[in-house]
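Since the structure comes first, as structure tokens, the remarks are kept for the end.
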2 protein chains.
Amino acid sequence: MKRTGTPRLVDVAEAAGVSLASASRAMSGGSGISPEVAAHVRRVAQELGYEPNLHARGLAGGLVPTIGLLVHEIGDPYFSEIASGVIRSATLENRSVQIAQADRTPESELAQVQALLRQRVGSIIIAGSGYADPEHEQKMTAALAEFALAGGRAAVIGRHYLPIDAVLPDNHRAGVSVGAHLAALGHRRIGVVAGPLELNTVADRIAGLREGIADAEVELTVVSKEFTREGGIAGARELVDGEFRGRDLTAIVGLNDAMAIGILSELRQQGIRVPDDLSVVGFDDIAVAADVAPALTTARIPMFEMGQHAVALILRPASDEARTVSTSHELIVRASTAPPRG
Amino acid sequence: MKRTGTPRLVDVAEAAGVSLASASRAMSGGSGISPEVAAHVRRVAQELGYEPNLHARGLAGGLVPTIGLLVHEIGDPYFSEIASGVIRSATLENRSVQIAQADRTPESELAQVQALLRQRVGSIIIAGSGYADPEHEQKMTAALAEFALAGGRAAVIGRHYLPIDAVLPDNHRAGVSVGAHLAALGHRRIGVVAGPLELNTVADRIAGLREGIADAEVELTVVSKEFTREGGIAGARELVDGEFRGRDLTAIVGLNDAMAIGILSELRQQGIRVPDDLSVVGFDDIAVAADVAPALTTARIPMFEMGQHAVALILRPASDEARTVSTSHELIVRASTAPPRG
DNA sequence: CTGAAAGCGCTTACAG
DNA sequence: CTGAAAGCGCTTACAG
């Protein structure tokens, strides 16, 4: 069954009066062909409505222009906002994006990256914090190096251990802002509900927090849970009702908004008023942070823009050394923080 | 550069002592080969760690096992929760998913579907309400019919005008539940902030609402806005402060949670207390509905499960007539609704 | 049911 | 820079 109507590269070659090889170079390669001929071929292709067959390209050894996007969990607003930015930019550039979930485990992350490589996607964006585990990061680096060797373009969002192009959230300084804010309000006994400590996002934010409170005599109590709303609930319970009950905290920091929202929920459950009895702060400023009860004070991280930056990075040809796009943060003070009572 | 290490189908054919053709039939087709041989080939393939080259398959005329998922906006929790269900099930079935955004316009929707078809994805899931516009729906039907002819599998979520496999949210009855709930509380003047009226989701929910209040003498005031948080804000403003100010409403329904959350935000802004001065209800029960201020009464629609159902549908071979999976809803009564004052 | 062969639409050495 | 040719790894009529 001939697919009439869909012009192939031979058709444009013929129409342009050049060989298949030249047409191919005009459309993909770019090098090894005179600019005039290339321009002519492209014009003809345009007129004919030529659309390259991606499977043929993939088979012939080339890479497919698809962008592989790896997130931990697309239902998490942090990642869905990044994904939105990636897809928006990709669509503008006529690239399609294939999405995979790593489900918050390093093994799955690696497996998904390899699945993406097998499909010969031309570029890969890995969103989400890296792991402190050197063995895992080294395997990831190796996989991506091989990918780069084959002409693939990779970029990461939010991890700085890998030697490749990266979009860096302002985690450390965001932590500083949050710490300084609480210290300035007068808080001296602060609880932190952290995600897994091997995530560099968690480590960076905690380090920032410590720096932000360094001038005041603040006691920090850190518990580590899942990096989710449920983790926030569990952490809050432990801090106000568990073994740390005696600490008499006046503020709790959730290391992302999902956790902070879980914390708010648990405190409400227990009849603890925010910010009267306890202040609460988050990180990220996901869309709903302004709408929860009370409205959440948080350090805004520009997820959507980070997704767009990542696409811009992989669209640029590779260079010798890894490029980095640093983004900024903004402390958004809302209703969930206030000076401690008394 | 020989890709050593990655066994090809010829390699498994050789190892299994059969022809390439038979090996191919064993791995993909299924028909035209004896069960014993097929089983043997598959075992050998397994041992060799054979992974089919999707591009070769796509080129050879077959379809690629990738699932194309079309949403309006991945940053919207309604769609990200559906996407999460789709990706979860797809990963379990070893399928990858390619995602595209339709940005809430019919033209873009059609364009994205065609882009997906050009890539020869084996299946397409379209999430999101259909349009009342018969011309658009007819074009969509034509595109999907052609796709089905080529062996593709398609399913829609949340639109029932198209003659293909569908997962149907319980929009009408959810509307009934919401209407009945408000009527039972004693509300008689109810405002509705609707999304675009040409969306069948909107039409279905409004029809349900009308049915739910039919027994009481309720006056419904409907305004139509964008199907987003901002739309909710605009609608609330119009209902309490604009030309409808005199209506003296005692409750406002947002036709999805995003709108309802926008409504809550606007009312808070204006110093109108919920539920004391005005009750508010939403639809969907997105993850944050329980955490907004006040916690939102809403009709729960199982987005994640709907995504999984859609994958189950497209995994099943095509049948003569379109199949339908109906899902249910659950009215979740929280703090945003109460009897009207006075 | 099974096999030999053509063909899917490109890219990329290899010559010129 | 340009072209003829081989090859990427599969699927699918076409015979048997």
Side-chain angles (χ1 to χ4, degrees), chain A residues 1-42 45 48-66 117-120 122 150-152, chain B residues 1-42 44-45 48-66 118-120 122 150-152:
Chain A
M1 182 178 63
K2 202 78 189 158
R3 199 169 331 296
T4 60
T6 323
R8 297 153 305 162
L9 190 52
V10 265
D11 300 323
V12 347
E14 197 170 322
V18 300
S19 71
L20 215 207
S22 292
S24 173
R25 295 191 186 100
M27 298 307 294
S28 334
S31 82
I33 189 170
S34 76
E36 299 78 40
V37 176
H40 175 230
V41 170
R42 278 198 275 263
L48 262 48
Y50 170 69
E51 291 277 354
N53 181 315
L54 301 188
H55 294 307
R57 269 195 186 164
L59 221 209
L63 257 20
V64 139
T66 297
L117 297 184
R118 270 201 304 273
Q119 307 211 20
R120 308 222 195 169
Chain B
M1 181 178 65
K2 202 78 188 157
R3 198 170 330 299
T4 60
T6 323
R8 297 153 305 163
L9 190 52
V10 265
D11 300 322
V12 347
E14 196 170 323
V18 301
S19 72
L20 215 206
S22 293
S24 173
R25 295 191 186 100
M27 298 307 294
S28 335
S31 82
I33 189 169
S34 76
E36 298 78 41
V37 176
H40 176 229
V41 170
R42 279 198 274 262
V44 171
L48 262 49
Y50 170 69
E51 291 276 356
N53 181 316
L54 302 188
H55 294 307
R57 270 195 186 164
L59 221 209
L63 258 21
V64 139
T66 298
R118 272 201 302 275
Q119 307 212 21
R120 307 223 195 168

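In the text below, chain A, chain B and the rest are named by the order of the sequence lines, each starting its count at 1. Everything numeric in this text was worked out from a predicted model, so none of it was measured.
An OP1 or OP2 oxygen of D/dG3 is reached within less than 4.0 angstrom by a side-chain nitrogen or oxygen of A/Ser22. Contact annotation: B/Arg57 side-chain N/O to D/dC10 OP1/OP2 distance is not under 4.0 Å. Look at B/Ser28 and you won't find any side-chain N or O under 4.0 angstrom from OP1 or OP2 of D/dC10.
In plain terms, the two heavy atoms of A/Val41 and A/Ala16 that are nearest each other are CG2-CB, 4.2 Å. Of all non-hydrogen atoms in B/Val18 and B/Ala23, the two that sit nearest each other are CG2-N, 4.1 Å. For A/Ala15 against A/Leu48, the heavy-atom pair with the smallest separation is CB-CD2, 4.1 Å.
Between B/Leu9 and B/Ser24 the shortest side-chain heavy-atom distance falls below 4.5 Å. Contact annotation: the side chain of A/Gln119 approaches that of B/Thr66 to within less than 4.5 Å [non-hydrogen atoms, C-beta and beyond]. Taking 4.5 Å as the limit, every side-chain heavy atom of A/Val37 sits out of range of all side-chain heavy atoms of A/Arg25.
For B/Tyr50 and D/dC10, the OH to C1' distance is 7 Å, given to the nearest whole Å. The CG atom of A/Leu59 sits 9 Å away from the C1' atom of D/dG7 (whole-angstrom rounding). To the nearest angstrom, P of C/dC10 lies 11 Å from CD of A/Glu51. The interatomic distance linking A/Arg120 (CZ) with C/dT12 (P) rounds to 11 Å, in whole Å. Residue B/Met27 contributes atom CE, which lies 13 Å from atom C1' of D/dG9 at whole-angstrom precision. Between B/Asn53 atom CG and D/dT11 atom C1' there is a gap of 13 Å when expressed in whole angstrom units. Atom pair B/Leu20:CG and D/dC8:C1' shows a separation of 13 Å (rounding to whole Å applied). Spacing between atom NE2 of B/His55 and atom P of D/dT11 amounts to 14 Å, rounded to whole angstrom units.
Going from atom CG of B/Leu54 over to atom CG of A/Leu59 covers 10.5 Å, rounded to the nearest 0.5 Å.
Among the nucleotides C/dC10, C/dT12, D/dG9, the one closest to any side-chain atom of A/Leu9 is C/dC10. In the set C/dT12, D/dA4, D/dA13, the nucleotide with an atom closest to the side chain of A/Ser24 is C/dT12. In this structure, of C/dG9, C/dC1, D/dC1, it is D/dC1 that holds the atom nearest to the side chain of A/Ser34. When distances are taken from the side chain of B/Ala21 to each of D/dT2, C/dA4, C/dC10, the shortest belongs to C/dA4. In this structure, of D/dG3, C/dG9, C/dT2, it is D/dG3 that holds the atom nearest to the side chain of A/Arg25. Picking from D/dG9, C/dG9, C/dT2 the nucleotide with the shortest atom distance to the side chain of B/Arg8 gives D/dG9. When distances are taken from the side chain of B/Ala60 to each of D/dG9, D/dT2, D/dC8, the shortest belongs to D/dG9.
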For DNA chain C, produce a single dot-bracket line, 5' to 3'. Pairs: Watson-Crick or G-U wobble, both distances under 3.5 Å. Symbols: ( ) within strand, [ ] crossing, | other strand, . unpaired. |||.||||||||.|||
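Exactly one residue among B/Arg57, B/Arg8, B/Met27 makes a side-chain contact (heavy atoms from CB on, under 4.5 Å) with B/Pro52. That residue is B/Arg57.
Contact annotation for B/Leu54: no contact, since no heavy-atom pair falls under 4.0 Å across all strands.
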